Amino acid sequence: MPELPEVETVKETLKRKILNKRIVGVNIYHEKIIEFPSVKEFQKQIINQQFIDIKRRGKWLMFELNDYYLLSHLRMEGKYNIKKLNEQLDKHEHVVFVLDSNQELRYNDVRKFGKMHLITKDDVYDQVPLKTLGLEPTDKSLTVKYLKDKYKSKSLPIKTVLLDQQIIVGIGNIYANEILFLSKINPLKPSKKITNQELQLIIDNTNLVLKSAIEAGGTTIRSYTSSEGIHGRFQHKLLVHGRVGQECFDCKTIIEKIKVNGRGTYYCPTCQK
DNA sequence: AGTGCGACCCGAACGC
DNA sequence: TGCGTTCGGGTCGCAC
């Protein structure tokens with residue numbers, strides 16, 4: 001389940017494989033993946049574009065082409081594979097970019113939730129979907145003051161607000177649980193009541209968790225297994241997510257699971273009062 | 001404006 | 001064994 005750390009890994013992996021290659025064709029088998037522009041325009045505009053670089057903003061992959069950015073959001077299960085030209089199409093391959101190297105870059109997504117946008121380079125940051133995004137966790141502007149200002153009017157649970165990509169990008173459900181556990185904050189605590197000290201903990205632990213996940217994440221993107229949808233070695237480092245009924249590593253209290261905004265939320269009732 | 005929640009999607013896990 | 005139901009994940013859009 002790609003969150004920011006896995007998007008980062010995909011970016012680095014693909015860079016080594018597709019830079020400087022040219023798109024000579026594109027086949028779209030599930031049109032809803034293409035959000036902007038129309039499928040027809042998308043196909044027309046992307047032909048003959050080369051991959052110049054790959055960047056990331058939040059959970060969005062940014063394929064830099066000659067004239068456009070191809071933005072790609074993997075949502076829960078999107079993946080990219082490089083295959084030989086005309087190799088048998090997998091059931092879940094929905095968009096295929098034919099390259100000038102007799103290879104194909106294929107977007108595979110079991111849930112069909114992923115989205116792509118093709119935006120001219122000049123205004124990529126001024127258009128949806130990037131224009132509404134909040135700060136990267138590593139941004140120096142991510143301060144207690146910034147968060148205080150964003151949170152002060154919100155009575156929503158802190159867990160819910162941590163997932164709001166307009167404030168901080170890159171935090172998904174799993175990491176929100178981990179960040180709050182490390183910060184010893186109850187997931188249901190209203191955002192406006194989070195103290196300055198707690199805000200600093202959230203900032204520090206967001207960076208800690210995401211950095212650690214990036215370091216652990218890389219290699220096992222493909223070994224998709226558990227029902228929790230967790231891949232990568234980071235799953236073995238989870239302190240609270242998915243541990244309902246097991247002892248808290250800190251105080252031995254049994255970890256509880258509740259729903260917050262409809263999402264599975266794990267916490268230690270003793271450590272996170 | 002802030003909030004709540006269904007829709008999107010489908011494979012795995014669960015209940016019977 | 002088989003069948004139906006529930007769950008999960010990120011984001012959007014609609015209703016209040």
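In what follows, chains are A, B, ... by sequence order, proteins preceding strands, each numbered from 1. Since the model is a prediction, treat every value here as computed from it, not as a measurement.
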Problem set entry | Given B:dG11, C:dG9, C:dC7, the nucleotide with the shortest approach to the side chain of A:Lys259 | C:dC7
Exercise. Among A:Gln50, A:Gln49, A:Gln45, which residue meets the side chain to side chain donor-acceptor pair (under 3.5 Å) test with A:Asp67?
Worked result: A:Gln49
Problem set entry | Atom pair distance, as rounded to whole Å: NZ in A:Lys152 and P in B:dA1 | 15 Å
For this session: Would you mind listing every salt bridge (charged side-chain N to carboxylate O under 4.0 Å, His left out) that reaches into residues 185-194 of chain A, with sequence neighbours excluded?
Result: A:Lys189-A:Glu198
Exercise. Under 4.0 angstrom, heavy atoms only, what part of the nucleic acid is A:Thr160 near: base, sugar-phosphate, or nothing?
Worked result: nothing
Exercise. Would one find a side-chain N or O of A:Ser153 under 4.0 angstrom from OP1 or OP2 of B:dA1?
Worked result: no
Exercise. Quick one: A:Asp164 CG to B:dA1 P, roughly how many Å, whole number?
Worked result: 14 Å
Exercise. How close or far is atom P of C:dG8 from atom OH of A:Tyr175, stated in whole angstroms?
Worked result: 18 Å
Exercise. For the residue pair A:Leu4 and A:Arg56, what are the closest heavy atoms and their distance?
Worked result: CD1-NH1, 3.2 Å
Problem set entry | Inter-end axis angle, the helix from B:dG2-C:dC16 to B:dC16-C:dG2, with every axis fitted to five base pairs (rounded, 10 degrees) | 60°
Problem set entry | CA sep, side-chain torsions, deciding dist, call: A:Lys84, A:Glu104, salt bridge (charged side-chain N to carboxylate O under 4.0 Å, His left out) | CA-CA 6 Å; A:Lys84 283 187 204 126; A:Glu104 293 178 345; over 6 Å; no
Seminar exercise, completed: In B/S/- notation (B base, S sugar-phosphate only, - none; protein heavy atoms under 4.0 Å), nucleotides 4-9 of chain B written 5' to 3' is S--BBB
Exercise. Taking the six-membered ring of A:Phe249, is the NZ or CZ of A:Arg243 close enough (under 6.0 Å from the centre) and on axis enough (within 45°)?
Worked result: yes
For this session: Report which part of the nucleic acid A:Gly172 touches: base, sugar-phosphate, or nothing (heavy-atom distance under 4.0 Å, all strands).
Result: sugar-phosphate
Problem set entry | First encountered from the 5' end of DNA chain B, between A:Lys154 and A:His92 | A:Lys154
Problem set entry | Atom-to-atom span, NZ of A:Lys159 to C1' of B:dT3 - whole angstrom | 17 Å
Exercise. For C:dG10, does either OP1 or OP2 sit under 4.0 Å from a side-chain N or O belonging to A:Gln165?
Worked result: no
